[in-house]
Amino acid sequence: MDVLIIGQGLAGSWLSWWLERAGLSYRVIDDADPLSASRHAAGLINPVTGRRMVKTWMIDELMPFAWKAYHEMGQFLQTDLISETSVIDFFPTVQMLQAFQKRYSEDPSYLSPGINANQYNAWFHYDLGWGSIDPCYLVHTEKLLSAWRSHLLGKGYLREETFNMDKLVDKDPVYQYEGLNAHYIIFCDGKLSAGNKFFEKLPFALNKGEGLLVEIQEIPQTAVFKKGMSLVPWKDHIFWVGSSYQWEFSDDEPSENFLHTTENWMKNFLRVPYKIIDHFAAVRPATLERRPFAGFHPQYAGIGILNGLGTKGCSLAPYFAAQLAEKIAGHGVIDPLADIKRFQKILMK
Ligand SMILES: Cc1cc2nc3c(=O)[nH]c(=O)nc-3n(C[C@H](O)[C@H](O)[C@H](O)COP(=O)(O)OP(=O)(O)OC[C@H]3O[C@@H](n4cnc5c(N)ncnc54)[C@H](O)[C@@H]3O)c2cc1C
């Protein structure tokens with residue numbers, strides 16, 4: 001076998017997809033951690049983010065790539081995995097209103113000022129107007145993970161268990177693991193790579209995020225509605241609401257503090273009734289310099305990684321998984337800004 005992949009979140013799903021397209025043989029080991037980031041992501045690909053409303057890294061390349069890739073996988077799995085949407089951005093402060101206006105005057109790409117200030121008055125309280133970010137994409141992550149998992153199970157390519165590093169044996173030129181022989185072992189194990197003996201020296205900066213699922217009957221699910229936090233269309237009449245970004249945390253559990261703050265936010269923002277139906281937390285595999293980790297360990301040529309997708313797994317995973325798969329197939333190059341070659345010295349210590 002060519003490749004053994006550890007983890008079937010967005011990273012492992014996309015890597016196995018591209019390996020299969022390239023005709024390479026692979027297996028996946030995944031223990032379906034209910035707290036994994038991919039299982040709780042809102043699924044939003046938003047080209048303009050942050051206090052200064054900057055275009056996100058490589059977005060002009062990542063968006064068309066993602067659109068095509070999710071459509072192709074969706075067609076193969078006979079389900080819709082991506083849809084187009086917009087973010088209606090209600091300015092929470094005068095500074096954010098000014099940031100939007102400044103960005104729009106310098107570079108209007110992806111931005112439109114809100115023409116009718118009162119358009120959303122029936123549903124929301126807002127007094128500084130709104131603008132829209134358009135197009136954005138919504139990835140249906142839950143569908144992707146379960147449909148691709150069924151495909152893997154159907155082929156006999158997935159072992160539903162926890163990978164145990166102590167059982168991995170280097171039998172040059174292959175690695176052996178519990179009856180499997182693979183030329184490459186690729187870790188797509190999310191937050192756990194930060195404690196993985198091959199990759200723990202990489203500058204991970206794990207980030208906890210919490211969110212709610214909220215039933216709101218009266219608001220149409222035509223866009224993402226944002227005022228600091230976001231209401232993201234999820235399923236019929238249910239919105240994903242979040243999120244927090246915590247760099248320091250002592251556990252990965254949902255907290256009273258987030259629930260309290262978010263309920264207050266909803267009371268102030270919404271003019272219509274709502275019902276909270278779930279509260280969750282998950283840890284994003286983020287990195288100090290906010291760039292992904294892709295490629296091979298400088299000391300162990302068959303050991304690789306696709307990780308560090310941070311807050312942007314939906315757009316980064318298909319693109320960098322494709323680069324890694326091509327590299328494994330012997331004819332590709334990983335973008336130097338994502339390639340873990342940049343940490344060669346640290347990883348060799
Ligand atoms: C609250 C929240 C909201 C988010 N919203 C968005 C968003 O709107 N848009 C966006 O682009 N990104 C978003 N993200 C980020 C996105 O979720 C991540 O970037 C992405 O899911 C990371 O995927 P991954 O495959 O690297 O890791 P994970 O999703 O953590 O997957 C790792 C997988 O590996 C398995 N695994 C780990 N260790 C082992 C082992 N030893 N043996 C077997 N299996 C193992 C786990 O079970 C899991 O299935 C959000 C994240 C959070 C937490």
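Start at 1 and go down the list; that is how both ligands and their atoms are numbered.
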Heavy-atom contacts under 4.0 Å between [X] and ligand 1: side chain, backbone, both, or neither?
X: Leu192; result: side chain
X: Cys188; result: backbone
X: Ser13; result: neither
X: Tyr137; result: neither
X: Val232; result: neither
X: Ala41; result: both
X: Glu161; result: backbone

ask   = Would you call the rings of His297 and Phe199 parallel, tilted or perpendicular if under 30° counts as parallel and over 60° as perpendicular?
value =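 It falls in the tilted class, 30° to 60°.
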For ligand 1, find out whether one of its N or O atoms is nearer than 3.5 Å to an N or O atom of [X].
X: Arg284; result: no
X: Leu44; result: yes
X: Asn307; result: no
X: Cys314; result: yes
X: Gly43; result: yes
X: Thr162; result: no

Return yes when [X] approaches ligand 1 closer than 4.0 angstrom through a heavy atom, no otherwise.
X: Arg39; answer: yes
X: Met165; answer: no
X: Trp240; answer: yes
X: Gly211; answer: no
X: Gly242; answer: no

task = May I ask you to test the Ile303-Phe187 pair for a side-chain heavy-atom distance under 4.5 Å?
result =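 Yes, side chains in contact.
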Ion pair [X]/[Y], N-O distance below 4.0 Å:
X: Glu326; Y: Arg21; answer: no
X: Lys191; Y: Asp33; answer: yes
X: Glu161; Y: Arg159; answer: yes
X: Lys208; Y: Glu248; answer: no

Are [X] and [Y] linked by a side-chain donor-acceptor pair shorter than 3.5 Å?
X: Gln95; Y: Arg51; answer: no
X: Trp240; Y: Ser230; answer: no
X: Glu84; Y: Tyr137; answer: no
X: Glu215; Y: Tyr274; answer: no
X: Ser255; Y: Glu210; answer: yes

request  = Taking all heavy atoms of Ala117 and all of Tyr126, pick out the closest pair and write down the distance.
outcome  =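 Scanning both residues, the minimum pair turns out to be O-OH, 2.6 Å.
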task = Provide the closest heavy-atom pair for Met1 versus Leu180 in the form atom of the first, atom of the second, distance.
result =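 Heavy atoms only, the tightest pair is CE-CB, 3.9 Å.
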Nearest heavy atom to [atom]: which of [options] does it belong to?
atom: atom 37 (C) of ligand 1; options: Leu10, Asp189, Ile305, Val283; result: Asp189
atom: atom 22 (C) of ligand 1; options: Pro285, Gly190, Gly310; result: Pro285
atom: atom 23 (O) of ligand 1; options: Ser193, Ser38, Ala42, Gly313; result: Ser38

key: Heavy-atom nearest neighbour in the protein, as seen from atom 34 (O) of ligand 1, with distance rounded to 0.1 Å   =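 For atom 34 (O) of ligand 1, the nearest protein heavy atom comes out as Gly7 CA, 3.2 Å.
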inquiry  = Checking Asp134 now: which residues fulfil salt bridge (charged side-chain N to carboxylate O under 4.0 Å, His left out) with it, not counting sequence neighbours?
reply    =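 Once residues adjacent in sequence are excluded, Asp134 has no partner under the salt bridge (charged side-chain N to carboxylate O under 4.0 Å, His left out) criterion.
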key: Where ligand 1 meets Ala11 - atom numbers and elements under 4.0 angstrom, heavy-atom basis   =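 Heavy-atom distances to Ala11 below 4.0 Å select 25 (O), 26 (O).
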